[in-house]
Amino acid sequence: MSRNHPTAAGDSLQRTGELERGLKDRHIQLIALGGAIGVGLFLGSAKAIHKAGPLLLLSYAIAGLAIFFIMRALGELLVHRPVAGSFATYAETYVSPWAGFVTGWTYWFTWVVTGMAELTAIGIYTHYWFPSIPQWVPALATLAVLLGVNLIAVKVFGELEFWFALIKVVTIVATLVLGVAIITTGWGPLGQTASFANLWSHGGFAPMGMVGVVFTLQIACFAYTGVELIGVTAGEAESPEKVLPKATNSIVYRILIFYVGALVVIMSLVPWNELSPDMSPFVHVFDKLGIPAAADIINFVVITAAASSCNSGIFSTGRMLYTLAQFKQAPARLGKVNSRHVPAAGIVLSAAFMLVGVVLNYLVPEEAFIYVTSIATIGAVWTWGIIVFAHLRYRRAVKLGQAAAVAYRMPGAPFTNWFVLAFLAVVLVCLSLDASTRVALYIAPLWFALLTLGYRLYAAQPERRPRLPQAQQVA
């Protein structure tokens, strides 16, 4: 383990960069809430339902349990040390400098690719209204608007994300309430056939068998990508010691209500085998209800959800490049902020890389979504794995008196840490079993080999590395 256990180093780096703590409690709560609701639920669930049927619920529940423990581990680390770019900082401190370098760049890469997926989804959703418009056009327009928002100020990002998240939350709650009312009262066009029995009446609860779970774990994991975003907001949150645990604790309710609950209602309203893998199940259900403009409203909401996630991606990638530059693991210019206290250079560079997603929508519009979600899952698996592993090493440092303990703790550690790591290993195996997702496993070794080469070049110049002070010993 690295001997650098700074409690103040990250804070001094934070002050040097002059990031502004402009995210209020309501911003953090809604960012955390909205981070779990994106294209993975609104679009990815359509393909997952087609592959697994109702048994998909098991995939989301298993993945959700793992995510809960990941978030509790992250929450403990955040309370211990709330700084921007938390994942890279914890990996650098409690695992190794190489792990910190790889984690920072991999998380940046993950959100760049996730941004590509969200832009792809926006292009797909727009086809519902304008089938003749090329898929890449709305993707490019959205990227340009969100880039402008992120360059203004963190408060503007927080405010926009607050309303984005609120729209998603209200929509899903309305879907749940309306769906349950239809199922229990038989109201409307779907009332005669809507029933919870639809979950097991069309080929059984597991029409594809356990193979369905294997082929949908990757989609379920991608759906949860973004819940760790509160770790990136830590450096710009007001009263992080109060706000961050509160946001972290709500993760289990989000998983149960917004994913499992929403999918139960949708597959009860419309049998799973009648849902199209190419259309959002939310749009499909509301279209069947016959409510004037309902499907248009839901389509607008899912576009909002995708734009929200892309907005978060631009925010998080800019902050991660900022953190890497502070540790001299990226060009120094990326570690500076503009007059509005925004890391503009990192934001612009990240958005430029997201343009690759626009190109993919132009070249391979049919395959773009599955390609980018598979690659993003690899990055998410690494990030989540390093969070729980760094947490293990942090707990060991606490026992050795090298780090301070906090009251907010991950339950079941270290056993829950090893459960999560085993689960993530299974996800990687599942990726290899499907030809459409196997592309991620081809790219991953190249990516990590490139990062290892970059780290060797970086480590060969020790004078470039910041000297981090040793932590105070804890009695």
Side-chain angles (χ1 to χ4, degrees), residues 31-32 35-36 38 40 63-64 66-78 81 83-117 217-218 220-235 244 248 251 309 312-313 315-324 327 329-330 350 372-394 410 417 420-428 431 440-441 443-444 447-448 450-452 455:
I31 288 172
I67 292 297
F68 170 71
F69 289 124
I70 291 168
M71 290 302 296
R72 285 301 300 258
L74 176 59
E76 184 173 346
L77 290 169
L78 287 173
R81 193 163 169 230
V83 294
S86 56
F87 321 118
T89 305
Y90 305 145
E92 166 92 15
T93 304
Y94 295 110
V95 182
S96 71
W98 175 84
F101 182 91
V102 170
T103 299
W105 281 107
T106 298
Y107 193 69
W108 172 83
F109 179 70
T110 297
W111 265 109
V112 165
V113 176
T114 299
M116 295 179 189
L217 272 181
Q218 172 263 329
C221 280
F222 175 76
Y224 294 130
T225 301
V227 294
E228 77 291 328
L229 184 64
I230 59 172
V232 183
T233 67
L244 298 178
T248 302
I251 183 66
S309 186
S312 297
F315 169 85
S316 60
T317 50
R319 270 64 183 179
M320 189 55 71
L321 289 179
Y322 160 83
T323 299
L324 288 166
F327 281 103
Q329 295 175 353
S350 298
V372 295
T373 56
S374 300
I375 295 168
T377 300
I378 291 289
V381 166
W382 172 270
T383 301
W384 295 338
I386 208 69
I387 287 172
V388 295
F389 188 66
H391 178 265
L392 273 173
R393 304 296 289 269
Y394 160 69
M410 176 188 179
N417 296 70
V420 171
L421 292 173
F423 167 78
L424 295 177
V426 170
V427 171
L428 292 179
L431 283 171
L441 298 181
I443 294 177
W447 171 250
F448 286 107
L450 179 64
L451 286 182
T452 299
Y455 175 74

Stepwise side-chain contact (heavy atoms from CB on, under 4.5 Å) test for Thr106 and Trp447: CA-CA 8 Å; Thr106 298; Trp447 171 250; 3.2 Å; yes

So which atom in Gly104 and which in Met320 form the shortest heavy-atom distance, rounded to 0.1 Å? O-CG, 3.1 Å

Minimum side-chain heavy-atom gap Trp384-Val420 below 4.5 Å: no

Approximate separation, where rounding is to 0.5 Å, of Leu392 CG and Leu421 CG: 7.0 Å

Considering only heavy atoms from C-beta outward, does the side chain of Arg393 approach that of Thr93 to under 4.5 Å? no

Distance col, row Leu424:CG vs Ile386:CD1, nearest 0.5 angstrom, shows 11.0 Å

Closest heavy-atom contact between Met410 and Ala73? SD-CB, 3.5 Å

Have Tyr107 and Glu228 got a donor and an acceptor in their side chains that come within less than 3.5 Å? yes

With no hydrogens and no angle check, is any side-chain donor or acceptor of Tyr90 less than 3.5 Å from a backbone partner on Tyr394? no

Do Trp111 and Ser312 have side-chain heavy atoms sitting under 4.5 Å apart? yes

Phe448 ring center near Trp382 ring center (under 6.0 Å): yes

Here the gap from Ile70 atom CD1 to Phe423 atom CZ, rounded to the nearest 0.5 Å, amounts to 7.5 Å

Does Glu92 offer a backbone N or O that forms a donor-acceptor pair with the side chain of Ser96 under 3.5 Å? no

Sub-4.5 Å side-chain heavy-atom contact between Leu428 and Ile378: yes

Leu321 versus Ser350: any side-chain heavy-atom pair under 4.5 Å? yes

Indicate the atoms forming the closest heavy-atom contact of Ala220 with Ala63, along with that distance. CB-CB, 4.1 Å

At what distance, to the nearest 0.5 angstrom, does OH of Tyr94 lie from CG of Leu77? 7.5 Å

Is any side-chain heavy atom of His391 closer than 4.5 Å to one of Ile387? no

Applying side-chain contact (heavy atoms from CB on, under 4.5 Å), run through Thr452 and Trp98 and close with a yes or a no. CA-CA 8 Å; Thr452 299; Trp98 175 84; 3.5 Å; yes

Does the Thr103 side chain pair with the main chain of Gly100, one donor and one acceptor, at a distance under 3.5 Å? no

Measure the acute angle between the ring planes of Trp108 and Trp105, then classify it against the limits of 30° and 60° as parallel, tilted or perpendicular. perpendicular

Would a 4.5 Å heavy-atom cut-off, applied to side chains only, mark Phe87 and Leu74 as touching? yes

